[in-house]
K.L.:
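Dropping the structure in here first, questions after.
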Amino acid sequence: MDALSPEEFDLNKDAYLERIADLHERRQRSRIGGSEASRARHIKRGRMLPRARVDALLDPGSPFLELAELVGEGFYDGVPPGGSMITGIGQVQGRHCMIIANDSTVKGGTYFGATVRKHTRAQRIAWENRLPCITLVDSGGAFLPDQENIHPDEHHFGSIFYNQVGMSAEGIAQIAVVLGPCTAGGAYIPSLCDEVVIVRGQGFMYLGGPELTKAATGEDIDRESLGGAQMHSSVSGVTDYIAENDEHALAITRDIMAELGEEAPMRWTPKPSKPPRLDPNEIYGLISRDARIPTDNREILLRMADGSEFREFKPLYGETLVCGFARIHGFQIGILANQGVFFTEAALKGTQFIDICTKRDIPLLFLSDVAGFMVGREAEVGGIAKAGAKFVTAMSSAAVPKYTIVTGGAYGAGYLAMCSRQFKPRALFMWPHSRIAIMGPEQAANTLAMVKRKNFEADGVDWSAEEEEAFKAPLRAEYERFADAYNFAANLWVDGVLDPLETRHALGLLLDVAARTPIKETSFGVFRM
Ligand code: COA
């Protein structure tokens, strides 16, 4: 690819910095939590705000990789992005764990559909990576108006319990801290944990609160006697440790984390981490600001790799898929990055590369920026369907940890082939400008207009160019809206939107976590020859 002119580079960079400012504004809205009044009431009750709780729990100065920060953005009236919950991977007592914290300043910490999916996604990541789960419970249970997205199906509230039980059975520690009034589902979550801490005078647990109890049985009872810390820790045995306040509860939790038994051994030996030799800040200027002009993804990956060192595999063959070996924060990784559409040769090269990485237990990183697979007579006759199938078989079967970053426009089967959500990468993030869709807005509008025109012609109906444009404009707009990274983040179709400069650190943390998971043998599906 030709090098960018300094003018183009600067224009790209300015455009990208605006996107980064927008990302941070959205995150800020999510980080504030509930309304000012609700936060003030929370503090007046002598309780710590959820982010302060997470900070107090984590080892000082250790990184925290927040997940699904922008879930539900714009979905519910008066509810900030984040789905009334904080989830992320952090370190407690030097050990990585998954932290799941209700934010009771947002609708009493109740679970919307988005919250349930955020909780179960965090559990999925914890399970795959064998991360102990610490749940800071402060929730009124289900957000009652949203029951269709909470109650009936797989991945709804009941799945939280299923995941807790499954993880506990596999020896993945489940710890809960009851920091507020926890009703119904909010009470079952701690009840299904290995060890539970509860705060005196603040934490309550009951399947039905005093009002519901009165309505159901006529019994008059205060919340302390029905589900307070003293009763549960000395009579019912539902909780194990009493804390005097939030700080004390989090200190007890840190003590529990020190007693989890031996950590699993590392499956890889990382080298000392080296910053990239080429300045990562240049990524902003390298990303094309015009979706029609491709980005040179080889230049991008060099700015993410340790020392900017990349040993490229088969550099002269199948050039539209760059494959090769690098390290990220000392961990070896096999990178596959698009450099144009998939041709047969690129798919075959990628298949061979994935096979090599699985044999060597090297994790895979997919940098996804692809319009799809080549179409046309030449490609079909050359067996592109067969070659694409080989690549998908290799990618899907590979049992090494896989990670996907959407660094550009990921469309159609190209998106799927580059380890989309359906192929269960351990994490999938998008960059702020990136897009995912079945096809681009113009192509979708043209395809549908072509079908319509053919039908009109068959019926002898006239369809003017103006009418066609009026038909296409809303389709284009809808495709633009859909493909946006923030739409994917709001729906939790991805684990979040990352600043390109954060990506290397996020991957380093994820590889460090995966290093303590057992090796799984890969068994490939049949390769069509
Ligand atoms: N579903 C929907 N909305 C709920 C809710 C629920 N289960 N529980 C609370 N809310 C809403 C409230 O209507 C209020 O909304 P607003 O901010 O628009 O006024 C907001 O959440 C905060 O509730 P509030 O009662 O003012 O706050 P609180 O901190 O004093 O108490 C709870 C929080 C959760 C302890 C309390 O609201 C409660 O007991 N809720 C009922 C819990 C329940 O029975 N759940 C059963 C689920 S199966």
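Excluded from the calculations below are hydrogen atoms, water molecules and symmetry mates; all remaining heavy atoms, backbone and side chain alike, are included. All ligand and atom numbering here is 1-based and tracks the order in the structure.
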K.L.:
Just grab all the salt bridge (charged side-chain N to carboxylate O under 4.0 Å, His left out) pairs involving residues 206-221, residues at least two apart or on different chains.
P.N.:
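As it turns out, the salt bridge (charged side-chain N to carboxylate O under 4.0 Å, His left out) pairs with a partner in residues 206-221, which skip direct neighbours, are K214-D220.
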K.L.:
Do L67 and M98 have side-chain heavy atoms sitting under 4.5 Å apart?
P.N.:
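A side-chain contact exists here, since the closest heavy-atom pair is under 4.5 Å.
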K.L.:
Kindly give the heavy-atom pair with the smallest separation between T183 and L207, and that separation in Å.
P.N.:
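In this case the closest contact between T183 and L207 is CG2-O, 4.2 Å.
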K.L.:
May I ask you to decide if G141's main-chain N or O and S139's side chain share a donor-acceptor pair within less than 3.5 Å?
P.N.:
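Checked: pair present.
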K.L.:
Among residues at least two apart in sequence or on other chains, which ones pass side chain to side chain donor-acceptor pair (under 3.5 Å) with N281?
P.N.:
D279
K.L.:
Under the rule for ring pair (Phe, Tyr, Trp, His ring centres under 6.0 Å), what residues qualify as partners of H433, not counting sequence neighbours?
P.N.:
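Y16.
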K.L.:
What residues sit with at least one heavy atom under 4.0 Å from ligand 1?
P.N.:
R41, R45, K107, G108, T110, G140, A142, F143, L144, P145, P181, T183, A184
